[in-house]
Each structure stands twice: as structure tokens, then as C-alpha cells.
Amino acid sequence: MTDTSTPAMSPVPRIAPASPEALDRAVALLRAGQLVAFPTETVYGLGADASDPEAVARIFAAKGRPNDHPVIVHVAPGNDVSAWAATINDDARTLIDAFWPGPLTLILPRAAGVPDAVTGGQETVGVRCPSHPVAQALLSAFGGGVAAPSANRFGRVSPTTAQHVADEFGPELSLVLDGGPCEVGIESTIVDVTGDTPVLLRPGHISTAMLAGALGKPVLTRAELDARMNAGAQAAREVPRVSGALAAHYAPRTPLERVPAGALDLRARLLVAAGRRVGVWSTVKPAADVIWVGAPLDPVAYAQDLYAMLRFLDTQGCDILLVDALPDTDAWSAVNDRLGRAVVGSGDG
């Protein structure tokens with residue numbers, strides 16, 4: 001049974017810069033079966049020893065996450081992925097060479113001994129190698145895999161700063177390693193490479209075009225795979241459950257609405273006229289009296305700011321939040337995915 005006691009050592013602040021002393025404490029906490037929040041280039045993760053089912057169970061308890069939802073195993077550069085994956089095919093190796101370390105998670109056949117708590121009871125496992133230097137230092141010092149979904153309550157807006165994590169969990173966590181704001185700002189791209197044709201299960205910073213370019217062949221979306229199977233062009237293939245695939249996710253407590261291009265100003269004025277307090281994240285400031293934050297025109301910058309802006313607006317006492325509907329292109333697909341799920345899940349706070 002895991003020793004759940006906190007390691008005996010001099011205390012450090014709950015939010016701690018990633019000094020050598022704080023990293024040593026983080027490793028000791030992980031080895032003792034405790035949780036540690038740490039930065040990656042995508043979002044902050046809530047980490048536990050991936051080989052310890054009791055430690056992983058603490059993630060689910062802290063987040064309020066359903067037990068059948070798999071978590072992603074994070075490994076250091078050079079770590080032996082075969083410790084987690086039974087097989088690593090040519091497509092997987094190509095993507096590892098092209099994009100690791102980086103914001104790409106690969107779905108692989110699980111190796112023997114990988115806990116069900118990590119895989120959600122499935123025969124696949126998600127693995128990635130983050131590029132953030134603090135994450136790499138922690139993983140290298142720990143020496144094993146760290147299971148780490150986003151460090152927020154289940155279904156809520158993901159954290160991109162250490163303070164976001166502290167705001168989410170209060171004193172529940174022993175340690176939050178502070179590595180500054182996350183560079184990418186949205187969760188990793190997830191690709192299923194268990195079959196002959198890679199399938200994109202969650203869009204992210206690494207786009208479908210980038211994946212296809214590296215592989216030299218198409219990468220199917222989940223909808224395209226479904227269409228092929230329905231057309232009888234491919235044998236039935238079970239698509240693994242992955243993080244962030246529910247219709248409602250990444251959601252603020254304030255109701256969130258996407259407004260078609262050119263209609264946001266009118267929508268804001270009508271809401272204000274009806275006595276509503278309105279928060280807006282858009283490229284152009286509405287004429288109405290709203291709480292407005294300017295949105296970037298570039299999809300990379302938009303993704304970097306997305307969760308921080310949703311968290312900020314969610315604290316402003318608004319009755320409703322408005323954002324622009326974004327272009328329906330590959331470059332914007334990851335942001336559109338997050339916003340669509342945020343809209344569905346919003347408004348129950």
C-alpha cells in the first residue's frame with residue numbers, strides 16, 4: 001500500500017518557483033503517492049505517479065473526474081515509451097521524431113502492467129513528452145511516468161498559470177510548481193496510432209496538416225473515420241476514449257455564447273438594454289456598455305489567451321459572456337473545439 005504521508009522536509013510555499021529545492025520536494029511528494037501541479041507548454045497538469053493506482057485515484061478524487069476517463073502519461077525526453085506501450089508502430093515513431101518534446105499525445109496499445117486507473121480500463125494508453133523545461137526537469141528527476149490531466153475541477157476551464165491552479169484547489173494541494181504562463185495555452189493534440197490510419201481525436205496546436213506533412217499521408221478526423229465505417233470502406237474500429245472529448249468541457253460558470261460574425265455588437269446592445277451585465281471577448285469593442293477584453297486575430301495567440309480570458313471574465317459578475325464565432329479553418333480548429341465545448345458546459349455556476 002502506498003505511504004500517503006507527506007515527506008518530512010522543510011516546508012516550501014504551496015506555490016513555489018521551480019527551484020532545485022522545490023523540484024526535489026515535488027519528486028519526493030510524487031514518490032510518496034501525493035499530487036503535484038506543474039506547468040507544461042499546454043496547460044498546468046495535476047500530476048501523480050502513473051505506476052501507482054492509489055496515487056492516480058487521488059487525481060480523480062481531487063478533480064471530481066469520472067473513473068472511466070483515461071489520463072495521459074507524461075514522460076521525460078529519452079524515456080523508454082515501451083514501458084507504457086506494448087507496440088510502437090512506424091507512424092508513432094515518425095510522430096515522436098517530428099513533434100516530441102511537444103504538445104502531442106499518442107494513443108498506443110497499453111503495455112502489460114499499466115494500471116487501469118490510467119487507461120480508464122481500455123486497452124490503449126495516452127503518452128506524451130512535454131517541452132516545458134520545468135516539466136522536463138521534474139520528469140527527469142522523478143524517473144518514471146507522471147499521469148497528469150489538467151489541474152482544474154472536472155469540466156471547468158483549464159489553468160495556464162500557477163495562480164489558476166491555486167484558485168481552483170485552495171489548500172488541497174501540497175505543491176504547485178510555478179513555471180510562468182503556459183506558451184501554447186490549450187491541451188495537446190491527441191492522435192490514435194493504434195491502427196493503419198492515424199486518427200485525430202482532439203485538435204490542438206499541432207494541426208492536422210502538420211501531422212499529415214510529417215507522416216506523408218492523410219490523418220483522419222473522428223468524423224471522417226465514422227463516415228468511412230458507415231460507408232463500409234473500413235472495418236469497424238473502436239475509437240478510444242480520450243481526455244476532453246465530452247460535449248461539455250473547459251466551461252466557465254457564467255453562460256457563454258458564440259455570436260456570428262458581424263452580430264456581436266447588436267447582441268451586446270440588446271442584452272445591455274435588457275439590464276444584463278455582459279462580458280465580451282472580441283476583436284472589436286462593442287458600442288454597448290460591457291466589460292470588454294480585446295481578442296487576438298491570430299489563432300496561436302488566441303489559444304494562448306483563451307483560458308486566462310475565460311477565467312477573468314468568469315470573475316466579473318456578468319450575467320452572460322459573448323465571444324466571436326471564429327473562422328471554420330484548420331488553423332482555428334483547436335480553438336473552435338474548446339469554445340464549442342465551453343459553450344455547452346457553461347452556465348451552471
Margin query: Ring centres under 6.0 Å, that's the criterion: do Phe312 and Trp281 meet it?
Written below: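 Judged by ring-centre distance (under 6.0 Å), Phe312 and Trp281 do not meet the cut-off.
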
Note to self: Between Leu35 and Leu29, is the side-chain contact (heavy atoms from CB on, under 4.5 Å) condition met? List the steps.
What the structure shows: CA-CA 7 Å; Leu35 304 183; Leu29 286 164; over 6 Å; no

Can you list everything that forms a salt bridge (charged side-chain N to carboxylate O under 4.0 Å, His left out) with [X]? Sequence neighbours excluded, please.
X      : result
Arg153 : Glu172
Arg202 : none
Asp265 : Arg269
Lys285 : none

Taking the side chain from [X] and the backbone from [Y], do they hold a donor-acceptor pair closer than 3.5 Å?
X      : Y      : answer
Arg58  : Ala48  : no
Tyr44  : Gln163 : no
Arg128 : Gly102 : yes
Glu54  : Gly33  : no
Asp314 : Arg253 : yes
His132 : Gly179 : yes
Thr189 : Ile206 : yes
Ser346 : Val343 : yes
Gln316 : Leu313 : no
Glu41  : Glu183 : no

Note to self: Hydrophobic cluster membership, with links at side-chain heavy-atom distances under 4.5 Å among I/L/V/M/F/W/Y: are Val344 and Leu339 in one?
What the structure shows: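 Cluster IDs for Val344 and Leu339 differ.
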
Notebook entry, point to check: In the single-linkage hydrophobic clustering (I, L, V, M, F, W, Y; side-chain heavy atoms under 4.5 Å), do Leu201 and Val43 co-cluster?
Noted result: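 In one cluster with Leu201: Val43, no.
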
Mind checking what makes side-chain hydrogen bond (donor to acceptor under 3.5 Å, both in side chains) contact with [X], not counting sequence neighbours?
X      : answer
Tyr307 : Glu187
Asp324 : none
Thr119 : Arg110
Asn79  : none

Review item, side-chain donor-acceptor pairs of residues 81-89, under 3.5 Å, at least two apart:
{"residue": "Ser82", "atom": "OG", "partner": "Asp80", "partner atom": "OD1", "Å": "2.5"}
{"residue": "Ser82", "atom": "OG", "partner": "Asp80", "partner atom": "OD2", "Å": "2.8"}
{"residue": "Asn89", "atom": "OD1", "partner": "Asp91", "partner atom": "N", "Å": "3.2"}
{"residue": "Asn89", "atom": "OD1", "partner": "Ala92", "partner atom": "N", "Å": "2.8"}
{"residue": "Asn89", "atom": "ND2", "partner": "Val193", "partner atom": "O", "Å": "2.7"}

Note to self: For the CG atom on Asp97, are there more than 12 heavy atoms of other groups (residues, nucleotides or ligands in this structure) within a distance under 6.0 Å?
What the structure shows: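 Check passes, neighbour count above 12.
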
Next item on the list: Verify the neighbour count for atom CG of Asp116: are there more than 12 heavy atoms of other residues, nucleotides or ligands below 6.0 Å?
Entry: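 Yes, the 6.0 Å shell around CG holds more than 12 heavy atoms from other groups.
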
Note to self: Thr161 vs His164, test: side-chain contact (heavy atoms from CB on, under 4.5 Å). Steps then yes/no.
What the structure shows: CA-CA 5 Å; Thr161 68; His164 291 164; 3.2 Å; yes

Notebook entry, point to check: To which residues is Leu322 joined in a hydrophobic cluster, defined by side-chain heavy-atom contacts under 4.5 Å among Ile, Leu, Val, Met, Phe, Trp and Tyr, whether direct or through other members?
Noted result: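 Leu322 shares its hydrophobic cluster with Val259, Leu264, Leu271, Val272, Val278, Val280, Val290, Trp292, Ile320.
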
Item checked: Thr105 side chain to Ser188 side chain, donor-acceptor N/O pair below 3.5 angstrom ->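 Yes, Ser188 and Thr105 have a side-chain donor paired with an acceptor closer than 3.5 Å.
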
Item checked: Worked check of side-chain contact (heavy atoms from CB on, under 4.5 Å) between Asp49 and Phe142 -> CA-CA 9 Å; Asp49 181 353; Phe142 179 64; 3.6 Å; yes

Exercise answer: donor-acceptor pairs, residues 59-77 side-chain atoms, under 3.5 Å, sequence neighbours excluded:
{"residue": "Lys63", "atom": "NZ", "partner": "Ser150", "partner atom": "O", "Å": "2.7"}
{"residue": "Lys63", "atom": "NZ", "partner": "Asn152", "partner atom": "O", "Å": "2.8"}
{"residue": "Arg65", "atom": "NH2", "partner": "Pro70", "partner atom": "O", "Å": "2.6"}
{"residue": "Arg65", "atom": "NH2", "partner": "Ser243", "partner atom": "OG", "Å": "2.9"}
{"residue": "His74", "atom": "ND1", "partner": "Ile72", "partner atom": "O", "Å": "3.2"}
{"residue": "His74", "atom": "ND1", "partner": "Val146", "partner atom": "O", "Å": "3.4"}

Note to self: Using 0.5 Å steps for rounding, measure from the CZ atom of Phe38 to the CG atom of Leu177.
What the structure shows: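 Rounded to the nearest 0.5 Å, the CZ-CG separation comes out at 8.5 Å.
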
Checklist line | Those residues that, when tested against Trp100, pass ring pair (Phe, Tyr, Trp, His ring centres under 6.0 Å) (two or more places apart) | finding: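 By the ring pair (Phe, Tyr, Trp, His ring centres under 6.0 Å) rule, Trp100 matches no residue at all.
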
Note to self: Does Arg311 form a side-chain hydrogen bond (donor to acceptor under 3.5 Å, both in side chains) with Thr160? I'd like the steps, not just the answer.
What the structure shows: CA-CA 10 Å; Arg311 282 178 171 268; Thr160 55; over 6 Å; no

